[in-house]
Amino acid sequence: MFCFFKAREMNTDLKTNIKFYQVSSRYYRPENEIELASLTRYEKVPATVMESADEGAREAALDVARVINECVEQQGQCVIGFDSGRYVLKVYDELVKLYFADKVSFADVVAFNLSELGSTEDESLSINKLISEHLYAKVDIEPDRIHSLSRLAANENVHRQCKAYEREIIDAGGFDLVLCDLTPDGSLAYNEPGSARNSACRLMLLGNESRARVAEVFQSDTAPKTAVTLGIGNILTAKRIICVAWDEDSAAALFNTIEGKMTDLVPASFLQVHDEVKIYADLDAASRLTRISYPWKVTSCEWNDHLIRRAIVWLCEQTGKPVLKLTNEDYNDYGLSELVALYDSAYNVNIKIFNDLQHTITGWPGGKPNADDTYRPERAVPYPKRVLIFSPHPDDAIVSMGGTVRRLVQQGHDVRIAIQTDGDVAVSDDDLMRSVLLADRLTKHFEGQAFTFIEETLTKLIGNTTTNDDNDNMRYFKGSILLSEAMVACRRMGVPRKNLYDLRMPFYVNDPRGQGKITDADVKVIQDLITEVKPHQIFFDNDLVDPNGTHVRATGAVMHALENLKDEPFMSDCRVWMYRGQWGQWDVDHVEMAVPMSPEEFGDKRDAILKFHSQIHDAPFRSSADGKLPWQRSIDRNRDLAEKYQQLGLATYEAIEAFVQYRFHPDKDE
């Protein structure tokens, strides 16, 4: 069992599904309608699952083009409702390609934007402007055929303007098609959880998650508190609806929409009542669907080691039993009799999976010297190893794999941590102000010259509660705060300052919000460091759903560098591992190396995390669900994984950190 990422062209979204070579294509691309009907028996909305978001966007765009061409041919025009979420933007890019390839024309399209943001001082925060930049301005649609809600509707006469907008849609003949996003919280347009099935066009107060999505799409530090949106009832009047969902963070919402019960807590679930809906999703987003995650419930399986492990972990959850207590009857009762037939008895399956899980656990993440490593995750030689750990932000390596870092150091390995960005955008103004006050006091105490920067920054911070226009000096100071904390935290784990690399990757430094696209310059930084160190082990981050997107870009640069270097002689002696922690955790059936921690070791990790003073109490991206910060959720995940191993009948530990191996040339059938 393994994971693999394909290297992509530069500047593409690298949230590729890690299960790509673990999921048989027949589960999402069946050969005939009979097999499809069997696989989708739990699905209440038709879904087309593609291997990647790029492929899904292309298929969705082709479907949109087909609808346009049919409607224009039959009735002379096509009335479409256009959404503005980050997923649907990929579809717009593909529609533009189809337009330039003469596959579709927008000359007879009547466009209605599904929503518009509330009025703000930032005029760039406009849905109409966003869609225009990605679609309208690039195709042959007539400007007078584009309809948009007024940005002022959120401030005055909102009810009257909403009713007028609904009448415009009716007068145009009603929607022939609505093209929309499925958001991670199950919203459609800006219909937040709690929206009724018959909801109409109205003013909505945006929740934290919606505002975060707005900020991400517009690459803005702020987002309006309100939006005007067509309601679920308006969307459901469309003759056809095409909805798109990409990435792992959409998996729960997609499952609830397609297989769950209809509820206003997941507004998209009301798509179940529509006769002409199609959802396009990639494997990441579809990962929780029964046919992808639990195919044995809907068809006979192509069993491999990974799928067997997944099935047994699931069976333990269903029965409440550890692996070695499962019986033939349990397998039969839960539809896994195929495995009993394949292995002759439940005992044979149980012992296989128990040993498989047991072999993932190691207290020697760098390999145990002078030991038989046949069933160990890591090689015994060479020893000691040069270990290179990539950390997107200064705190990621410690928060996600601090216990493993400590073990590697204690066991004599040469551990180096490459900090890819200084994380300045995650440092609050309060922390900056505290540090500037300290710098000001020390400068004056030692009769040094008071830097102009200090005076200007103090004036700015004292006069304002927030700063959305950090200059280069302020960003450098904020980043220095987090880097300094990282030095102290790494020292606590035994990694000396000389073994820390401040990479200051161009995509982050050169963009005012740290959200630039990765380029050859970013890849070269990583590639040069790997070539210099010639490591025997590389660890890199796989938390690809962080709200700010830094992890995606930082990880993308590492993956491109690894692809470029894979044929270098020194790479044949290098094993590459992926970690998670800040934003997610590996499922047990994916884990290839589990590093346990005792209560004392777990305490050491927490102590190191607490050295990041700027992050432990007041930092961005707090979960709206539980109010916890990423490092707190990472600690919980370490404990939860240890508890999961215990429930499966393995040894009891305080906490566990987990890793999945990255391989360059996987065998798809393994």
Colleague: Assess the residue pair Lys138 and Glu133 against the criterion (salt bridge (charged side-chain N to carboxylate O under 4.0 Å, His left out)); give the C-alpha distance rounded to whole Å, side-chain angles, the decisive distance to 0.1 Å, and a yes or no.
Modeller: CA-CA 7 Å; Lys138 297 179 179 180; Glu133 290 173 352; over 6 Å; no
Colleague: Any side-chain donor-acceptor pair under 3.5 Å between Ser38 and Arg41?
Modeller: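 There is such a pair (donor and acceptor under 3.5 Å, judged by atom type) between the side chains of Ser38 and Arg41.
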Colleague: Think Lys297 forms a cation-pi with Tyr42, using NZ or CZ under 6.0 Å from the six-ring centre and within 45 degrees of its axis?
Modeller: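 Because its charged atom sits under 6.0 Å from the ring centre and within 45° of the axis, Lys297 does stack over Tyr42.
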Colleague: Ignoring hydrogens and geometry beyond distance, is a side-chain donor-acceptor pair present between Thr299 and Tyr27 at under 3.5 Å?
Modeller: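 There is no such pair (donor and acceptor under 3.5 Å, judged by atom type) between the side chains of Thr299 and Tyr27.
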Colleague: My understanding is that only residues two or more places apart in sequence, or in another chain, count here; which of them pass side chain to side chain donor-acceptor pair (under 3.5 Å) with Ser293?
Modeller: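 Testing Ser293 for side chain to side chain donor-acceptor pair (under 3.5 Å), a comparison that skips the adjacent residues, returns Arg310.
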Colleague: Kindly compute the distance separating CD1 (Ile635) from CG (Leu629), expressed to the nearest 0.5 Å.
Modeller: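 Result: 12.0 Å between the selected atoms.
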Colleague: Under a 3.5 Å threshold, yes or no: a donor from one side chain and an acceptor from the other, between Glu338 and Trp303?
Modeller: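 A donor-acceptor contact under 3.5 Å links the two side chains.
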Colleague: Among Val178, Val277, Leu188, Val273, exactly one meets side chain to side chain contact (heavy atoms under 4.5 Å, CB included) together with Leu236. Which residue is that?
Modeller: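 Result: among Val178, Val277, Leu188, Val273, Val273 is the only option passing the side chain to side chain contact (heavy atoms under 4.5 Å, CB included) with Leu236.
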Colleague: How long is the gap from OG1 on Thr550 to CG on Asp543, to the nearest 0.5 Å?
Modeller: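 Rounded to the nearest 0.5 Å, the OG1-CG separation comes to 12.0 Å.
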Colleague: How about CZ on Arg211, more than 12 heavy atoms from neighbouring residues, nucleotides or ligands closer than 6.0 Å, or not?
Modeller: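 Yes - once you tally the heavy atoms of other residues, nucleotides and ligands closer than 6.0 Å, there are more than 12.
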Colleague: Given 3.5 Å as the limit, does a donor-acceptor pair link the side chain of Ser269 with the main chain of Val266, or not?
Modeller: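 Yes; judged by distance alone, with no hydrogens or angles, the pair exists.
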Colleague: Check the pair Asp589, Arg309 against salt bridge (charged side-chain N to carboxylate O under 4.0 Å, His left out), reporting the backbone distance first and the verdict last.
Modeller: CA-CA 6 Å; Asp589 52 286; Arg309 193 206 287 194; over 6 Å; no
Colleague: Enumerate the salt bridge (Lys or Arg N to Asp or Glu O under 4.0 Å) contacts for residues 182-194, please, sequence neighbours excluded, ordered by first and then second residue.
Modeller: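 Qualifying pairs, neighbours excluded: Asp185-Arg213.
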Colleague: Do the ring centers of Phe539 and Phe390 come within less than 6.0 Å of each other?
Modeller: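 No - the distance between ring centres of Phe539 and Phe390 does not fall below the 6.0 Å cut-off.
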Colleague: Taking Leu36's backbone N and O only, do any of them form a donor-acceptor pair with Thr40's side chain (distance below 3.5 Å, no angle check)?
Modeller: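 Such a contact is found between Thr40 side chain and Leu36 backbone.
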Colleague: Is it true that the side chains of Trp586 and Glu592 contain a donor and an acceptor less than 3.5 Å apart?
Modeller: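 There is no such pair between these side chains.
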Colleague: Examine distances only and state if a side-chain atom of Asn564 and a backbone atom of Gln527 form a donor-acceptor pair shorter than 3.5 Å.
Modeller: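 Side chain of Asn564 to backbone of Gln527, a donor-acceptor pair under 3.5 Å: no, none is there.
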Colleague: Apply side-chain contact (heavy atoms from CB on, under 4.5 Å) to residues Ile235 and Asn191 and explain how you reach the verdict.
Modeller: CA-CA 10 Å; Ile235 293 172; Asn191 290 280; 4.1 Å; yes
Colleague: Considering residues, nucleotides and ligands other than Asn32, do more than 12 of their heavy atoms fall under 6.0 Å from its CG?
Modeller: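 Result for CG/Asn32: enclosed.
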Colleague: Is there side-chain contact between Val323 and Cys316, with at least one heavy-atom pair below 4.5 Å?
Modeller: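 Yes. Closest side-chain heavy atoms under 4.5 Å.
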Colleague: Ser52 side chain to Glu55 main-chain N or O, any donor-acceptor pair under 3.5 Å?
Modeller: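 Yes; judged by distance alone, with no hydrogens or angles, the pair exists.
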Colleague: Any carboxylate oxygen within less than 4.0 angstrom of a Lys/Arg side-chain nitrogen, looking at Asp54 and Lys90?
Modeller: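 Between Lys90 and Asp54 there is a salt bridge, with a charged N closer than 4.0 Å to a carboxylate O.
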Colleague: Would you check if Met50 and Glu59 make a side-chain contact, meaning some heavy-atom pair closer than 4.5 Å?
Modeller: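 Side-chain contact under 4.5 Å: yes.
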Colleague: Do the side chain of Glu657 and the main chain of Val595 share a donor and acceptor less than 3.5 angstrom apart?
Modeller: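 Pair absent, no side-chain N/O of Glu657 close to backbone of Val595.
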Colleague: Please list, chain by chain and in numerical order, all residues satisfying salt bridge (Lys or Arg N to Asp or Glu O under 4.0 Å) with Lys44, sequence neighbours excluded.
Modeller: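 For Lys44 there are no salt bridge (Lys or Arg N to Asp or Glu O under 4.0 Å) partners, ignoring immediate neighbours.
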Colleague: Determine which pairs satisfy salt bridge (Lys or Arg N to Asp or Glu O under 4.0 Å) with at least one residue from residues 31-40, sequence neighbours left out, and list them in order.
Modeller: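 Every pair satisfying salt bridge (Lys or Arg N to Asp or Glu O under 4.0 Å) with a residue in residues 31-40: Arg26-Glu35.
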Colleague: For Asp63, is there an ion pair with Lys278 - N to carboxylate O distance below 4.0 angstrom?
Modeller: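 Asp63 and Lys278: salt-bridged.
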Colleague: For Glu643, is there an ion pair with Arg639 - N to carboxylate O distance below 4.0 angstrom?
Modeller: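 A salt bridge is absent here (no side-chain N lies under 4.0 Å from a carboxylate O).
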Colleague: If every non-hydrogen atom of Leu307 is compared with every non-hydrogen atom of Pro295, which pair is closest and at what distance?
Modeller: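 Heavy atoms of Leu307 and Pro295 come nearest at CD1-CG, 3.9 Å.
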Colleague: Considering only NZ, NE, NH1 and NH2 on the basic side and carboxylate oxygens on the acidic side, decide whether Arg288 and Glu259 come within less than 4.0 Å.
Modeller: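 Salt bridge between Arg288 and Glu259, a charged N being under 4.0 Å from a carboxylate O: no.
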Colleague: State, without any angle test, whether Tyr87 and Asp282 hold a side-chain donor-acceptor pair at a distance under 3.5 Å.
Modeller: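 Note: Tyr87 and Asp282 side chains miss the donor-acceptor criterion.
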Colleague: Between Asp511 and Lys517, is there a side-chain N and carboxylate O pair less than 4.0 Å apart?
Modeller: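 So Asp511 does not pair with Lys517 through a salt bridge.
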Colleague: Between Tyr375 and His359, is the gap from one ring center to the other below 6.0 Å?
Modeller: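 Yes - the distance between ring centres of Tyr375 and His359 falls below the 6.0 Å cut-off.
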Colleague: By side chain to side chain donor-acceptor pair (under 3.5 Å), which residues pair with Asp396, not counting sequence neighbours?
Modeller: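 Listed in chain order: His393, His551, Gln582.
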Colleague: Identify which one of Phe540, Tyr579, Trp577 satisfies the ring-ring contact (aromatic ring centres under 6.0 Å, His included) criterion when paired with Tyr662.
Modeller: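 Between Tyr662 and the candidates, ring-ring contact (aromatic ring centres under 6.0 Å, His included) is satisfied uniquely by Phe540.
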Colleague: Give a yes or no answer on whether the side chain of Ser400 reaches the backbone of Ala397 with a donor-acceptor pair at less than 3.5 Å.
Modeller: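 Looks like no, no N/O pair under 3.5 Å.
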Colleague: Glu317 and Lys644: salt bridge (charged side-chain N to carboxylate O under 4.0 Å, His left out), yes or no, with the steps?
Modeller: CA-CA 9 Å; Glu317 292 172 347; Lys644 174 66 73 176; 2.7 Å; yes
Colleague: Applying side-chain contact (heavy atoms from CB on, under 4.5 Å), can you list everything that pairs with Thr319, at least two apart in sequence or on another chain?
Modeller: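 Testing Thr319 for side-chain contact (heavy atoms from CB on, under 4.5 Å), a comparison that skips the adjacent residues, returns Leu315, Lys321, Leu326, Asp330, Tyr334.
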